[in-house]
Structure formats: C-alpha cells, structure tokens
Amino acid sequence: MHWETFESPDALSERAASLLLGAIRENPRVVLGLPTGRTPIGMYDRVVRECSREYHCFRDVTTFNLDEYVGVPPSHPGSYFTYMKQHLFDHVDLDLTHAHLPRGMAKELDAECARYEGEIRDAGGLDLTFLGLGRNGHIGFNEPGTPFDARTRVVALTDSTRQANADCFHDGNVPTHAITMGIGTILESRRIVLLVAGAGKEGAVERLRSGEVTMEFPASALWKHHDVTVLSSAATGS
Ligand code: GLP
C-alpha cells in the first residue's frame, strides 16, 4: 500500500484528478470505477476543468459506479446518478451508454446485481477504481462484516451510514438499501486509489494504517491488493 498525505483536501483532490487524467492519457479506453460522497467532489471539479481544455477527454472511457440506492429513481436529487451528472457526466464528453450505475429501481434486484457484474466483465474488468472511505471503514456500501469475496449485491445500510447520507434526502425518506459492488469485485480492479478526507475520518485512517486485516473493517481488505494508493488529507475538511 502506497500512502500519500496532503496538507489540505484541495491538494488531495489535485493529486486524485491528476491520477485519473493520467490514466485516461495512458489509455483513452480506460475502464474506471468511480465513487460518490463528499470526498471526490474536488477531484471531479478539477477533472471537469482540465477536460474543458482537452477535446475528447472522456470520449472512449467507460465508467462503473460503486453503488446506487435501491428504490430511488435516477432522476431523484439524492440518487448517485444525479450526483454523477452534476459532478461529472454533464460536463465531459463521456458517452452515457458507457456510464454504468447499478439500477436501484430494477424489479429483480438479484438479477440486476448479476447483470452489473456481467457488464464489468464484458468491459474487460476495472482498470482503475477510486474509493472513498466511510467512518466505519466501509468501501462502496460494504459495511463491517462483509466477506472479502463478496460480489455486487443488495445490502441494508447501517444507521450511521443512513445518517451520514441523510442531507441528500430532504423529505426524510433516507433509503434503507443499496446495490453495491462487492469487496471481491473491487479487489479485481487492476489499480485502486482510496481517497480519505473530511471530518471524523482520523480513526478510520489510523485503523487502516495499523495493517490489521479484518472483516470488521472493510477497507482493510485493500491490504490484499497489490496496487493500492491511499491519498489522505491531514487537515479535516467540512
Ligand atoms: C457513502 C458512499 C461511499 C463513500 C462514503 C464516504 O456511503 N456509498 O462510497 O465512500 O459515503 O462519503 P464521504 O466522502 O461523503 O465521507
């Protein structure tokens, strides 16, 4: 695991954006795994800014989001599809048919999870996946107790995760379930970059750094991968 620590969330975002754009320059047909949450917003802002100067930046790129809420239509302001449109999709020349998120409105959720895994496989697998880190160590929506070989599936969200994500659901109807890529799916990505910034993540960083590998702390599965970069910001953001 390669660690890089930054003075500020801005510096972290700068570095994350340069890793993402570098991967596209190296392989314009790169397959990216992408996160949501507050942490990656600065990365997406910079990517969008940079791409406005580069014609055809995302033209041949394929993306797979880590997760999506169950029962939340894509058009809902709290959906991860809306998030991705706001922060990335609407501002770059990514072909939306190459932008994948699990379909949380699917009637047959288990079939949808299998279909999503199939789409990742058909795209040749994930080349580079960016992850955020939940305060309890979750990656995607893989909460503590998730086996490291778990595949894309429906999960129940913990109360703390629902509280952390409640601001996007002003009507008070915070979703109870989501579809998430599994830890096994994530670990098959050729390269992984974990972004950690924001208040209250110090304990999680400490725990990851300790090197203890346990199902109770999902991000510790990353120690089993050969190419993980952790970008963490010492300063806490908002
Ligand atoms: C959500 C997402 C995760 C994300 C986490 C941390 O639960 N499903 O993928 O990493 O939040 O979010 P934040 O960056 O807002 O702290």
Side-chain angles (χ1 to χ4, degrees), residues 6 8-10 12-13 15-17 20 32-46 63-72 74 76-84 86-88 100-102 104 113 116 126 128-146 150 152-169 174-183 185-187 189 192-205 207-208 217-222 228-238:
F6 298 87
S8 66
D10 279 352
L12 179 151
S13 297
R15 173 73 174 138
L20 194 156
L32 299 173
L34 295 178
T36 50
R38 292 165 199 87
T39 315
I41 291 176
M43 170 180 81
Y44 291 133
D45 284 352
R46 280 163 182 77
T63 64
F64 286 93
N65 268 80
L66 293 170
D67 41 24
E68 179 58 285
Y69 294 111
V70 166
V72 176
H76 188 287
S79 78
Y80 282 162
F81 179 70
T82 297
Y83 171 105
M84 291 308 294
Q86 273 169 1
H87 295 292
L88 186 70
H100 306 271
L101 282 94
C113 296
Y116 202 63
L126 301 165
L128 171 62
T129 298
F130 290 85
L131 302 172
L133 182 66
R135 287 175 183 75
N136 62 2
H138 73 231
I139 49 177
F141 270 132
N142 293 285
E143 300 281 21
T146 304
T152 300
R153 68 203 187 290
V154 176
V155 291
L157 303 177
T158 62
D159 289 343
S160 70
T161 298
R162 293 182 70 224
Q163 261 166 37
N165 296 333
D167 349 343
C168 300
F169 296 90
V174 187
T176 54
H177 290 78
I179 294 180
T180 184
M181 270 188 211
I183 295 183
T185 321
I186 292 169
L187 289 180
S189 177
I192 295 174
V193 176
L194 176 71
L195 312 176
V196 197
K201 300 278 175 82
E202 302 81 0
V205 170
R207 192 149 181 208
L208 180 61
F217 190 72
S220 69
L222 299 175
V228 176
T229 301
V230 182
L231 307 183
S232 78
S233 157
T236 53
S238 55

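Indexing begins at 1, ligand by ligand and atom by atom, following the structure's order. Computation of the quantities below employed the complete heavy-atom set of this structure, encompassing side-chain atoms and omitting hydrogens, waters and symmetry-equivalent molecules.
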Test item: L20 and L32 side chains (from C-beta on) under 4.5 Å apart, heavy atoms: yes
Contact check, side chains of S189 and I192, non-hydrogen atoms, under 4.5 Å: yes
What atoms of ligand 1 come within less than 4.0 Å of a heavy atom belonging to [X]?
| X | value |
| --- | --- |
| G132 | 10 (O) |
| N165 | 1 (C), 7 (O) |
| Y80 | 1 (C), 2 (C), 8 (N) |

Selected option - heavy-atom contact closest to atom 6 (C) of ligand 1, from L133, T39, L34: L133
Option nearest atom 3 (C) of ligand 1 (shortest heavy-atom distance, choices A178, G140, A199): G140
E68 (side chain) donor-acceptor with I179 (main chain) under 3.5 angstrom: no
Whether Y80 side chain and P74 backbone form a donor-acceptor pair below 3.5 Å: no
Among all protein heavy atoms in this structure, tell me which lies nearest to [atom], with the distance rounded to 0.1 Å.
| atom | result |
| --- | --- |
| atom 11 (O) of ligand 1 | H138 NE2, 3.9 Å |
| atom 8 (N) of ligand 1 | D67 OD2, 2.9 Å |
| atom 15 (O) of ligand 1 | R38 N, 2.7 Å |
| atom 12 (O) of ligand 1 | G37 CA, 3.9 Å |
| atom 16 (O) of ligand 1 | K201 NZ, 2.7 Å |
| atom 4 (C) of ligand 1 | T36 O, 4.1 Å |

Salt-bridge contact R38-D167 (side-chain N to carboxylate O under 4.0 Å): yes
Under 3.5 Å side-chain donor-acceptor pair for N136 and R207: no
Passing option when H76 is tested against Y69, F81, Y83, F169 for ring pair (Phe, Tyr, Trp, His ring centres under 6.0 Å): F169
Heteroatom distance test (T161, ligand 1): nitrogen or oxygen, under 3.5 angstrom: no
For V196 against K201, the heavy-atom pair lying closest together: CG1-CB, 3.8 Å
Contact summary for M181 and R153, nearest pair of heavy atoms: O-NH1, 4.3 Å
Ligand 1 versus Y83: contacting region, heavy-atom distance under 4.0 Å: neither
Side chain, backbone, both or neither: R135 near ligand 1, heavy atoms under 4.0 Å: neither
